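Chain identifiers are assigned alphabetically (A, B, ...) following the order of the sequence lines, protein sequences preceding nucleic acid strands; residue numbering begins at 1 within each chain. What you are looking at is a predicted structure, and each value in this text was computed from that prediction instead of being measured. Hydrogens, waters and symmetry mates are skipped; everything else that's a heavy atom, side chains included, is used.
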Amino acid sequence: MSKRALSVTREQNFPDWYQAIVRDGDMAETSPVRGCMIIKPWGWGVWERIQAELDQRIKDTGHDNCYFPLFIPMSFIAKEAEHVEGFAKEMAVVTHHRLKNEGGKLVVDPDAKLEEPLIVRPTSETIIGDAFQRWITSYRDLPLLINQWANVVRWEMRTRLFLRTTEFLWQEGHTAHADREDAMAETLRMLEVYREFSESVLAMPVIAGEKPANERFPGADSTYSIEAMMQDGKALQAGTSHYLGTHFAEAQNIQFQSAQGTREFCHTTSWGVSTRLIGGVIMTHGDDDGLRLPPRIAPREIVIVPMLRDKPDDAALLDYCVAIEKDLKALGIRTLLDKKPLKSAEKRWNWVRRGAPVIVEIGGRDASGGNVTFMRRDKLRDGDKIISHSRPRDQFVAEAQALLNDIQATLYAEAKARLDGNVITDIKSFDELTAYFGAAETEDTGGFKGWVRVPWARPDGAVLEAIADRLKASKLTIRNAPLAQDKIEGVCLFTGDPAKEYVLVARAY
RNA sequence: CGGGGCAUAGCUCAGCCUGGUAGAGCGCUUGCUUUGGGAGCAAGAAGUCGCGAGUUCGAAUCCCGCUGCCCCGACCA
């Protein structure tokens, strides 16, 4: 028997498999509003863990949380030219403030038209910049280090749960500095926070690097990203950090008086990660039985399923389970005793699909023998067979934290091996590159391709656009130029000029 | 916005061509059996067949219009 907990395997159809995990793993579902999602308790629990871990790191690096409004005056967006250009096409606009009943039908009241339309924030540079302009007067006010957890709306043409939704949740950091050097240090500091967070908390290895000019945030001087490799070989931009130069400061008059008495524009940064990370976790760690959650973001690290049989000895069995639950909780381990009146086997498979790191199954024989039977979600099967472990109860409890740590490390090591083993470095020409990936229309049957690292001369302007267009014909993009670089040799694969650095080329989400 | 497809029970879908009482599997409810692991049997609940107009004695089925969703493309820090 090779029965799997999901109806479709990664091999059969990766996009369908992804949707199956989101649905059967109880993460989220689509909403009545196109492109928006209802995040279910299990999916929300993961987001709460992400928030808790990342929020701590944001505060540890000196930032304070605050909250800015959902609505932004339309005129604010118009202040920075590239920023408008970048976001104009995907903005939700509020134009009226009242409905009225017209012949039994609810209609927008034309008399309630707003003087100035409001846009629903796609990001908050402009409204936060407006506040910074008032808050900052002196070099003594700098650096100003702010973060907010918020929802944003971008009217995307095509959406996929978690990966790209019309409304999504994120944190956006916004900072202002006295000079370029300090702002750039902040940009890279937060990129490093994201890298460390992604790898140690999400168990998702990433490559941190700088985006090419054509992939920059609208209005940024430079944009950095962390890129993760999904199990289908595509890249996922998992976080971004931008050095905004003085563009927004000049557009919004964010100035300070220096120690020398001169008036200077601030150098600003912004950086964010979103609910997209959850999509990344799914496509990094999921298997054909469902999600596999790294313990550090699992809402419940250990789930205990009592093998209830509807008999009098159930009570004793439950007592035994409750005692174990209490011991684990006392150790600070997020534990759930699943007492729902469902069949035990059904409960087991539900938790397998949801990706609970450790699933404990306790029957009458375990209880009377003082034992615990459990499964590791990261190593669920040997071939088609489920691997089930047994330990004396006290030993299980004593080793539980180490077990969880091992699962966290195993998931990371697996993903790390995939990333390290699938960056190809021996492609020598553009034709070889496109031949390797094949034509765009063969993508669905093309299989796993991974990423390609090529030497690059940092062209920009029209030359860069032409390269991007040509790559696009094979659905390829330049992901980033890794910060950690080997010594560069040879010439740019695209221009033939002496290479300045390496860049990663891949298909991407 | 272009090209294609779809809309029938909670879910996945059949029925439509050739008009005649609304179907299956899974899930759900109840009962009995089973019980160290994704159980069996039986009974049951559940659908204005996306919306509107038309043809017809009669429309899920045929015609017209509309809406929504999915896929491909365009778009996507």
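Closest contact between the side chain of Arg164(A) and the listed nucleotides U35(B), C76(B), G38(B) involves C76(B). The Arg158(A) side chain lies nearest to C72(B) when the options are G37(B), C72(B), G36(B). Closest contact between the side chain of Gln19(A) and the listed nucleotides A74(B), U35(B), C71(B) involves C71(B). The side chain of Arg365(A) has G36(B) as its nearest neighbour among G36(B), A74(B), A39(B). Considering only side-chain atoms of Glu156(A), the nucleotide from A74(B), G38(B), C76(B) that sits closest is C76(B). The side chain of Ala5(A) approaches G38(B) more closely than any other nucleotide in the set C28(B), A74(B), G38(B). Which of G38(B), C75(B), G36(B) sits closest to the side chain of Lys89(A) comes down to C75(B).
Pair assignment for G50(B) gives C66(B), based on Watson-Crick or G-U wobble hydrogen-bonding distances that are each under 3.5 Å. Across all strands shown, C41(B) is found opposite G31(B) as a Watson-Crick or G-U wobble partner, with both distances under 3.5 Å. Pair check for C11(B) finds G25(B); Watson-Crick or G-U wobble, both atom distances under 3.5 Å. Summarising the base pairing, G2(B) is matched to C72(B) through a Watson-Crick or G-U wobble pair whose two defining distances lie under 3.5 Å.
Nucleotides A60(B) and U8(B) are separated by 15 Å at their P atoms, to the nearest Å. Going from the P atom of C72(B) to that of C17(B) covers 32 Å, rounded to whole Å. Distance check on atom P: G47(B) versus A24(B) gives 14 Å, rounded to whole Å. Rounded to the nearest Å, the gap between the P atom of C62(B) and that of G5(B) is 15 Å. Using atom C1' as the reference point in both G2(B) and C11(B), the two lie 33 Å apart (nearest Å).
Taking atom CZ on Phe87(A) and atom P on C75(B), their separation rounds to 17 Å, with Å as the unit.
Residue His389(A) forms a side chain to side chain contact (heavy atoms under 4.5 Å, CB included) with just one option from Met375(A), Lys379(A), Arg376(A), and that option is Arg376(A).
Heavy-atom nearest nucleotides on RNA chain B were determined for Val152(A) and for Lys343(A), and the one closer to the 5' end corresponds to Lys343(A). RNA chain B is contacted by both Ala345(A) and Arg309(A); Arg309(A) maps to the nucleotide lying nearer its 5′ end (nearest heavy atom per residue).
Residue-level contact check: Phe374(A) touches neither bases nor backbone, having no heavy atom under 4.0 Å from any strand. Nucleic acid contact for Arg160(A): none, since no nucleic acid atom lies under 4.0 Å from a heavy atom of the residue. Note on Glu215(A): only backbone sugar-phosphate atoms sit closer than 4.0 angstrom, heavy atoms only; bases stay farther off. No engagement by Ala220(A) is indicated, since no non-hydrogen atom pair under 4.0 Å with the nucleic acid exists. No engagement by Arg23(A) is indicated, since no non-hydrogen atom pair under 4.0 Å with the nucleic acid exists. Note on Gly86(A): nothing from the nucleic acid sits closer than 4.0 angstrom, heavy atoms only. Within the 4.0 angstrom heavy-atom criterion, only backbone atoms of the sugar-phosphate kind lie near Arg216(A); the bases stay farther away. Gly364(A) comes within 4.0 angstrom of a base, heavy atoms only. Among the protein residues, Asp310(A) comes within range of no part of the nucleic acid, since none of its heavy atoms lies under 4.0 Å from any strand.
Checked by atom type, the side-chain pair His242(A)/Glu125(A) shows no donor-acceptor distance below 3.5 Å. Asn480(A) and Ser225(A) share a donor-acceptor pair across their side chains, judged by distance under 3.5 Å alone.
Side-chain to base pairing of Thr373(A) with G36(B): one donor and one acceptor N or O lie within less than 3.5 Å of each other.
In the displayed structure, Asp319(A) atom CG is contacted under 6.0 Å by more than 12 heavy atoms of other residues, nucleotides or ligands.
Between Lys347(A) and G37(B), a side-chain N or O to OP1/OP2 separation shorter than 4.0 Å is absent.
Between Trp47(A) and Trp42(A), the distance from one ring center to the other does not fall under 6.0 angstrom.
Relative to the six-membered ring of Tyr18(A), Arg160(A) meets both conditions, a distance below 6.0 Å and an angle of at most 45° to the axis.
For the pair Arg393(A) (side chain) and Gly370(A) (backbone), a donor-acceptor distance under 3.5 Å is absent.
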